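Predicted model, so just to flag it, every value in this text is computed and none were measured. We count residues from 1, following the sequence as given.
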Amino acid sequence: MKFSKTMMATTALTVATGTIAFAAAHGMSDSMTLVSWGGAYQDSQQKAYVEPYLEMHPEVSSTWDESSAEAVAKLRAMNEAGNVTWDLVDVVAADAIRLCDEGLAMEYDPDELLAAAPDGTSASDDFGDLIVSDCYIPQIVYSTTFGYRTDMVPEGVEAPSQICDVFDLEKYPGKRALEKRPINNMEWALLCDGVAKADVYDVLETDEGQDQALAKLGTIKDEVIWWSAGADTPQLLADGEIFMGSTYNGRLFSVIVDQKQPVGMMWDAQVFDLDGWIIPAGLPEDRLARVKDFLMFATDTQRLADQAKYISYGPARASSAPLVPEDMKMHMPTDPANAANTFLYNYEFWADYRDDIDAKFQSWLAQ
């Protein structure tokens, strides 16, 4: 037994030494720090392409940091300190635009960094208009929408189905959960205060429009629990602490389908957005080489389709869509039955106005 253990230890050491030597010979780091949002979304990333990549490369280890919600502030601080410890960061489109504009994210050529589609279509054509920034590598299309407790709908009242039901405390009394940031909340408030969908961002760029949105939000402020993490609303719904709340559609899918909680989806005025990767600017060569190798695999047609097996977010590549399992298509925000009234998120607006409106929104919250 002692001999076997010695042999096993020797073999393990030999393999480890060999794989480290392989990584070093190819100029690649043997570790990656990936930044994402935690919860069901991060789990889908882990299953769809991180675990398969690590199986192909046993010499590599990966670590998750669940700080995507604070990615802009943290990358600014890391850059200022000259110590960027993240290798790949998952962010929404508006944050990617800001990081790119500030020189904190690396610009890239899609047709060099990303795999072509199986039929030879270039990556730039396959991702198309979803590459909204020179630094952005889109992965999924998702939406922010509302879920509600089906067993808390007042007797004799129809279940909420319109976005303005969120602001109707008389018909639908009870606690709401809203994200602790202005994005989406301000748009929904203006829509429910009579502003036409086409005019929302023209109104919101004025001080008067921002005050109008905050005044509308003020009508329900006493009944709002403000959330910061995508997993908060599903947990609050599962615990019965709120009647309805906003979150990402994939999180609601998980609480409804996987956890089988008494929760319904409300798709009206769902806000489409993108999620994807940025590479922090200035990575050392060996870390950048590993990131490039990983990205070529993790964003190909099959891997993005595989992610849709685990969460109801649409893949960003056109060539992945036909590979999405049939039983998942009905849960996608882009399904025609769910997309009757969507709201198109304006990335450029929030890239330009985010800091100023954030400050105003947080001041209003503190009042």
Side-chain angles (χ1 to χ4, degrees), residues 26-29 32 34-36 41 44-54 56-57 60 62 68 71 86-101 103-142 272-281 283 285 287-311 313-325 328 332-334 345 347-348 351:
H26 288 73
M28 295 185 193
S29 169
M32 297 185 295
L34 310 174
V35 184
S36 190
Y41 176 58
S44 74
Q45 295 176 298
Q46 177 74 10
K47 292 173 183 173
Y49 40 77
V50 174
E51 287 178 0
Y53 182 81
L54 296 182
M56 295 167 53
H57 298 278
V60 179
S62 70
S68 283
W86 293 346
D87 295 304
L88 199 56
V89 187
D90 189 297
V91 293
V92 294
D95 285 349
I97 293 171
R98 286 201 294 169
L99 290 166
C100 200
D101 289 347
L104 301 179
M106 188 187 86
E107 294 187 9
Y108 76 102
D109 180 343
D111 296 327
E112 284 187 5
L113 185 65
L114 309 176
D119 67 357
T121 300
S122 68
S124 54
D125 286 340
D126 205 21
F127 283 97
D129 293 340
L130 299 189
I131 302 176
V132 297
S133 160
D134 292 337
C135 303
Y136 198 41
I137 305 158
Q139 294 179 94
I140 54 121
V141 178
Y142 73 99
F272 278 168
D273 199 353
L274 301 173
D275 212 271
W277 300 111
I278 62 98
I279 304 171
L283 289 186
E285 287 187 10
R287 288 168 57 191
L288 180 58
R290 176 59 67 192
V291 164
K292 287 182 174 179
D293 191 64
F294 173 71
L295 276 174
M296 178 69 76
F297 174 80
T299 62
D300 73 11
T301 295
Q302 186 62 56
R303 253 44 64 181
L304 293 192
D306 287 347
Q307 189 174 2
K309 297 177 183 175
Y310 306 111
I311 198 161
Y313 294 148
R317 299 188 75 129
S319 61
S320 299
L323 305 180
V324 173
M328 288 296 289
M332 295 293 171
T334 49
Y345 176 75
Y347 318 112
E348 294 289 348

- Taking the side chain as C-beta and beyond, is there a heavy-atom pair between Q307 and Q45 under 4.5 Å? yes
Looking at Y136 and L274, would you say the former's side chain and the latter's main chain have a donor-acceptor pair under 3.5 Å? yes
Can you list the steps and then say if M106 with I278 is a side-chain contact (heavy atoms from CB on, under 4.5 Å)? CA-CA 7 Å; M106 188 187 86; I278 62 98; over 6 Å; no
Non-hydrogen side-chain atoms of L88 and M32 separated by less than 4.5 Å:
no
Are P280 and V89 side-chain neighbours, meaning at least one heavy-atom pair lies under 4.5 Å? yes
OG of S319 to CG of D119, rounded to nearest 0.5 Å, is 7.0 Å
The reported gap from CD in Q139 to OH in Y313 (rounded to nearest 0.5 angstrom) is 12.0 Å
All heavy atoms of A289 vs all of M28, minimum pair found to be CB-CG, 3.9 Å
One should read off an interatomic distance between D126 CG and D300 CG, to the nearest 0.5 angstrom, of 10.5 Å
On a heavy-atom basis, the closest approach of A281 and G103 is CB-O, 3.4 Å
Open item on the list: For S36, is there any backbone N or O sitting under 3.5 Å from a side-chain donor or acceptor partner on S68?
Closed with: yes
For A94 and Y345 the tightest heavy-atom approach is CB-OH, 3.4 Å
Fill in: Worked verdict on H57 versus D293 for side-chain contact (heavy atoms from CB on, under 4.5 Å)
CA-CA 11 Å; H57 298 278; D293 191 64; 3.7 Å; yes
Polar contact flag, side-chain donor to acceptor under 3.5 angstrom, Y108-D134: no
To the nearest 0.5 Å, atom OG of S124 lies from atom CG of D129 at 11.0 Å
In terms of heavy-atom contacts, P52 and F297 come closest through CB-CZ, 3.8 Å
Here the gap from D101 atom CG to S133 atom OG, rounded to the nearest 0.5 Å, amounts to 7.0 Å
| said: Test your reading of the model: is there a side-chain donor-acceptor pair from T299 to the backbone of L295, 3.5 Å cut-off? | reply: yes
- Can you check side-chain contact (heavy atoms from CB on, under 4.5 Å) on L54 and Y49, steps first, answer last? CA-CA 9 Å; L54 296 182; Y49 40 77; over 6 Å; no
Open item on the list: Quick check: do I140 and Y41 have side-chain heavy atoms less than 4.5 Å from each other?
Closed with: yes
Taken in chain and number order and not counting sequence neighbours, the residues that satisfy salt bridge (charged side-chain N to carboxylate O under 4.0 Å, His left out) with R98 are D95, D355
So CE of M296 and CD of E112: to nearest 0.5 Å the spacing works out to 9.5 Å
Next on the checklist: Main chain of T301, side chain of S320: is a donor-acceptor contact present, judged purely on distance under 3.5 Å?
Outcome noted: yes
Between D87 and R287, the two heavy atoms sitting closest are OD1-NE, 2.6 Å
In terms of heavy-atom contacts, P315 and L304 come closest through CB-O, 3.8 Å
- Item | Validation row, ring centre Y53 to ring centre F294 under 6.0 Å | yes
